[in-house]
Amino acid sequence: HVQLVESGGGSAQPGGSLTLSCASPDYAYEFGCMGWFRQVPGKERERVASIYLSSHRAIYGSSVKGRFTISRDNAENTVYLQMNRLEPEDTAMYYCAADYRPERCTTDRLNYWGQGTQVTVS
């Protein structure tokens, strides 16, 4: 049993900022990869950002590169997504995901998923 819990979603004006958090208190072993994904109705799920937990190297989707930052707090089992210069196109349900396999950082097929948190930019 692995549980991921997201928080921090809400509404923002275009050009504003939000920070999402993903807590992973129940895992038995260190994950190799954690990431953030988003989805809007009728569209395919999109990888927003992923982070290799051993090196802290991050990968960003082209639509958010330069605006969003993913990070991991090693003292607390939490991953963050800092979202700056938000645009209406960022409106989506955002999901936290994790996998013990680091190579999954380049995919959208991670093994564990949270329930999602809504972000609305208008």
Shortest non-hydrogen contact from Ile70 toward Gly35:
CD1-CA, 4.1 Å
Filter on salt bridge (charged side-chain N to carboxylate O under 4.0 Å, His left out), then keep only pairs touching residues 93-108, sequence neighbours left out; what's left?
Asp99-Arg101
In Å, rounded to the nearest 0.5 Å, how long is the span from OG of Ser54 to CZ of Arg72?
11.0 Å
Same cluster or not: are Met93 and Tyr112 linked, directly or through other Ile, Leu, Val, Met, Phe, Trp or Tyr residues, by side-chain heavy atoms under 4.5 angstrom apart?
no
Could you work out, with side-chain contact (heavy atoms from CB on, under 4.5 Å) as the rule, every residue matching Ser71, not counting sequence neighbours?
Tyr80
If we ignore hydrogens and angles and just use 3.5 Å, is the side chain of Ser50 paired with the main-chain N or O of Cys105 as donor and acceptor?
yes
Derivation of the side chain to side chain contact (heavy atoms under 4.5 Å, CB included) call for Val48 and Phe68:
CA-CA 9 Å; Val48 176; Phe68 291 9; 3.6 Å; yes
Exercise answer: donor-acceptor pairs, residues 36-43 side-chain atoms, under 3.5 Å, sequence neighbours excluded:
| unit_1 | atom_1 | unit_2 | atom_2 | d |
| --- | --- | --- | --- | --- |
| Arg38 | NE | Glu46 | OE1 | 2.9 |
| Arg38 | NH1 | Asp90 | OD1 | 2.9 |
| Arg38 | NH1 | Tyr94 | OH | 2.8 |
| Arg38 | NH2 | Glu46 | OE1 | 3.4 |
| Arg38 | NH2 | Ser63 | OG | 3.2 |
| Gln39 | NE2 | Lys43 | O | 3.2 |

Between Leu4 and Met34, is there a side-chain heavy-atom distance shorter than 4.5 Å?
yes
Going from CH2 on Trp113 to SG on Cys22, what distance comes out if it is rounded to the nearest 0.5 angstrom?
11.0 Å
Pairwise side-chain contact, Val119 with Val121, heavy-atom cut-off 4.5 Å (strictly under):
yes
What residues join Ile59 in its hydrophobic cluster, counting side-chain heavy atom gaps under 4.5 Å, either direct or through other members?
Tyr52
Show every disulfide (SG to SG under 2.5 Å) that has at least one partner inside residues 36-70, sequence neighbours left out.
none
Contacts under 3.5 angstrom, residues 6-20 side chains, donor-acceptor by atom type, not counting sequence neighbours:
| unit_1 | atom_1 | unit_2 | atom_2 | d |
| --- | --- | --- | --- | --- |
| Glu6 | OE1 | Gln115 | N | 3.1 |
| Glu6 | OE1 | Gly116 | N | 3.0 |
| Glu6 | OE2 | Cys96 | N | 2.8 |
| Glu6 | OE2 | Gly116 | N | 3.2 |
| Ser17 | OG | Asn84 | OD1 | 2.9 |
| Thr19 | OG1 | Gln82 | OE1 | 2.4 |
| Thr19 | OG1 | Gln82 | NE2 | 3.4 |

Shared ILVMFWY cluster between Phe31 and Val5, side chains joined below 4.5 angstrom?
no
Quick one: are Leu110 and Cys33 in side-chain contact, heavy atoms under 4.5 Å?
yes
Indicate yes or no: at least one non-hydrogen side-chain atom of Tyr95 is less than 4.5 angstrom from one of Thr117.
no
Please name all residues satisfying side chain to side chain donor-acceptor pair (under 3.5 Å) with Arg45, sequence neighbours left out, ordered by chain then number.
none
Scan for salt bridge (charged side-chain N to carboxylate O under 4.0 Å, His left out) pairs involving residues 112-122, sequence neighbours excluded, and state none if there are none.
none
Close side-chain approach of Met83 to Val64, heavy-atom, < 4.5 Å
no
Sorted by chain and residue number, the side-chain contact (heavy atoms from CB on, under 4.5 Å) partners of Ser62 (sequence neighbours excluded) come out as none
Closest non-hydrogen atom pair between Thr69 and Tyr60, with its separation
CA-OH, 3.3 Å
Between Val2 and Ile51, is there a shared hydrophobic cluster once you connect ILVMFWY residues whose side-chain heavy atoms come closer than 4.5 Å?
yes
